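To find a chain, count down the sequence lines: A is the first, B the second, and so on, and within it residues start at 1. Quick caveat: nothing in here was measured; it's all calculated off a predicted structure.
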Protein chains: 2
Amino acid sequence: MSGRPAHAQDVRTYDPDRPVDPRVEALVNELIGRVADKWTLLTLEALEDNGTVRFTQLSRLVPGISQKMLTQTLRQMEREGLLTRKVHPVVPPRVDYALTPLGHSLGEAFCGVWTWAEDHLAEVEAARAAFDKRAADAL
Amino acid sequence: MSGRPAHAQDVRTYDPDRPVDPRVEALVNELIGRVADKWTLLTLEALEDNGTVRFTQLSRLVPGISQKMLTQTLRQMEREGLLTRKVHPVVPPRVDYALTPLGHSLGEAFCGVWTWAEDHLAEVEAARAAFDKRAADAL
DNA sequence: CGGAATCCTCGATGATACTG
DNA sequence: CAGTATCATCGAGGATTCCG
């Protein structure tokens with residue numbers, strides 16, 4: 001494919017020729033495994049859409065998440081620098097969550113995947129139907 | 001999460017003309033949940049890098065995958081139109097897997113996430129270390 | 001070689017109850 | 001309100017065996 005000299009900064013198209021340090025690749029794989037988690041994705045989107053949000057709000061914004069998983073997801077994301085957690089010493093307690101610039105940048109990176117899903121949803125469903133029909137015919 | 005036209009600086013380049021049908025959104029969520037699977041991602045990458053590949057080759061290219069998960073992942077991806085499976089009627093059997101254009105487009109969509117992970121790996125690790133240190137100090 | 005079928009385990013997740 | 005702690009479950013996924 002593109003055999004052009006890599007100027008590390010502006011490479012945004014996949015380049016299979018780019019050399020990859022296996023150690024880095026392992027770390028990248030692990031990081032993606034974490035970040036590509038279902039609840040992380042949905043929480044990320046909720047924060048992208050709503051800005052600063054409180055815990056209970058978030059539990060309503062992320063459809064189907066349990067309180068336990070929300071806490072766990074938020075802690076992980078905080079640990080990885082994707083969001084900030086601000087505790088207000090008031091009563092009743094108030095805790096605000098908001099994305100960091102790093103979190104926003106991840107949201108942007110995933111933007112392509114969301115739009116891909118929207119753009120190709122019909123195509124995927126057609127493929128599924130065709131596959132299932134073939135399977136049924138094979139019986 | 002959905003019907004909010006405010007927030008003019010949405011990082012996701014949203015087309016205001018496209019309505020966010022909750023049914024569509026649910027389908028998109030489900031599709032992403034499928035496609036953002038760890039093994040799917042790694043298999044996709046292996047196929048991007050190597051073109052047409054046989055089953056046993058793939059099992060070597062995708063580090064740590066079991067035969068069961070490879071078969072399962074390939075079937076799902078085939079069903080969703082991401083790859084083609086060609087069985088050669090020879091002895092010993094030979095089965096070739098290759099991405100479809102749809103599969104390649106998904107690979108491109110994920111490109112941004114891969115590069116994000118590479119670009120921000122150090123930042124994430126620093127955030128983790130800082131978080132862990134804060135937690136340790138709090139004890 | 002490229003699977004399918006079976007068994008089994010363990011970790012992710014949910015439900016529930018309690019608390020500062 | 002925003003969690004923590006504990007217990008229960010359930011199914012994803014590994015190991016193994018068999019087959020065309």
Side-chain angles (χ1 to χ4, degrees), chain A residues 29-43 46-47 50-80 83-98 131-132 134-136 138-139, chain B residues 29-44 46-47 50 52-80 83-98 131 134-135 138-139:
Chain A
N29 283 359
E30 185 249 7
L31 179 53
I32 292 201
R34 279 250 166 93
V35 129
D37 169 68
K38 174 189 178 184
W39 296 131
T40 302
L41 247 33
L42 292 174
T43 302
L47 287 168
N50 297 62
T52 298
V53 187
R54 299 180 59 175
F55 186 87
T56 308
Q57 275 183 292
L58 219 36
S59 69
R60 266 180 267 115
L61 287 170
V62 180
I65 197 170
S66 67
Q67 178 263 6
K68 176 181 176 180
M69 290 316 295
L70 181 56
T71 300
Q72 192 174 106
T73 302
L74 289 171
R75 286 290 183 284
Q76 280 176 181
M77 293 176 73
E78 184 193 4
R79 178 169 184 262
E80 283 163 15
L83 55 79
T84 57
R85 175 173 181 267
K86 178 153 193 178
V87 182
H88 296 79
V90 299
V91 57
R94 177 195 182 97
V95 180
D96 285 338
Y97 293 92
F131 183 92
D132 292 347
R134 264 180 285 147
L139 291 183
Chain B
N29 284 0
E30 184 250 7
L31 178 53
I32 291 201
R34 279 245 160 100
V35 129
D37 169 67
K38 174 188 177 185
W39 296 131
T40 302
L41 247 32
L42 292 174
T43 303
L44 190 69
L47 287 167
N50 299 294
T52 299
V53 187
R54 299 179 60 175
F55 185 87
T56 309
Q57 274 183 290
L58 265 177
S59 67
R60 266 180 269 113
L61 288 170
V62 180
I65 196 168
S66 66
Q67 175 261 327
K68 177 181 175 179
M69 290 316 295
L70 181 56
T71 300
Q72 189 177 313
T73 302
L74 289 170
R75 286 291 183 283
Q76 280 175 183
M77 293 176 72
E78 185 194 4
R79 178 169 183 263
E80 282 162 16
L83 56 77
T84 57
R85 177 173 179 267
K86 283 189 190 114
V87 182
H88 297 78
V90 298
V91 172
R94 177 197 181 95
V95 181
D96 286 337
Y97 293 91
F131 182 92
R134 264 179 285 148
L139 290 185

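In this model, the phosphate group of C/dG3 is not approached by any side-chain N or O of B/T71 to a distance below 4.0 Å at OP1 or OP2. Between A/R54 and D/dA2 there is a side-chain N or O to OP1 or OP2 distance below 4.0 Å. For D/dA2, the OP1/OP2 oxygens have no side-chain nitrogen or oxygen of A/R85 closer than 4.0 Å. Remark: B/Y97 is in phosphate contact with C/dG3, judged by side-chain N or O atoms under 4.0 Å from OP1 or OP2.
The CZ atom of B/F55 sits 12 Å away from the P atom of C/dC1 (whole-angstrom rounding). For the pair A/I65 CD1 and C/dG14 C1', the interatomic distance rounds to 12 Å; values are reported in whole Å. Look at CE on B/M69: it is 13 Å from P on D/dA15, rounded to the nearest Å. Taking atom CG of residue A/L74 and atom P of nucleotide D/dT4, one finds them 10 Å apart after rounding to whole Å. When rounded to the nearest whole Å, the span between CG of B/L61 and P of C/dG2 equals 12 Å. At whole-Å resolution of the value, CD in A/Q72 and P in D/dT4 are 11 Å apart. Going from atom NZ of A/K38 over to atom C1' of D/dA12 covers 14 Å, rounded to whole Å. Rounding to whole angstrom units, CD of residue A/Q67 and P of D/dT4 are separated by 8 Å.
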Apply side-chain contact (heavy atoms from CB on, under 4.5 Å) to B/R54 and B/D96, showing your working. CA-CA 5 Å; B/R54 299 179 60 175; B/D96 286 337; 3.2 Å; yes
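The side chain of A/V95 approaches D/dA2 more closely than any other nucleotide in the set C/dG14, D/dA2, C/dG2. When the nucleotides D/dC7, C/dC1, D/dG13 are ranked by their closest atom to the side chain of A/K68, D/dC7 comes out on top. Distances were taken from every side-chain heavy atom of B/R75 (C-beta onward) to each of D/dG13, C/dA4, D/dA2; the shortest belongs to C/dA4.
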Identify all side-chain donor-acceptor contacts of residues 67-77 of chain A below 3.5 Å with residues at least two apart in sequence or on another chain.
unit_1: A/T71; atom_1: OG1; unit_2: A/Q67; atom_2: O; d: 3.1
unit_1: A/T73; atom_1: OG1; unit_2: A/M69; atom_2: O; d: 2.7

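A side-chain contact (heavy atoms from CB on, under 4.5 Å) with B/N50 is found for exactly one of B/L47, B/T52, B/V53, namely B/V53.
Rounded to the nearest 0.5 angstrom, A/R79 CZ and A/R85 CZ are separated by 15.5 Å. Here the CZ-OG1 distance, from B/R34 to B/T40, works out to 9.5 Å after rounding to the nearest 0.5 Å. Taken to the nearest 0.5 Å, the CG atom of A/L61 stands 10.5 Å off from the OG1 atom of A/T56. Note that CD of A/E78 is 8.0 Å distant from OG1 of A/T84, once rounded to the nearest 0.5 Å.
Axis deviation across the helix from C/dC1-D/dG20 to C/dG20-D/dC1 amounts to 50°, comparing end segments of five pairs, rounded to 10 degrees.
Residue contacts shown for A/P92 are limited to sugar-phosphate atoms, with no base heavy atom under 4.0 Å away.
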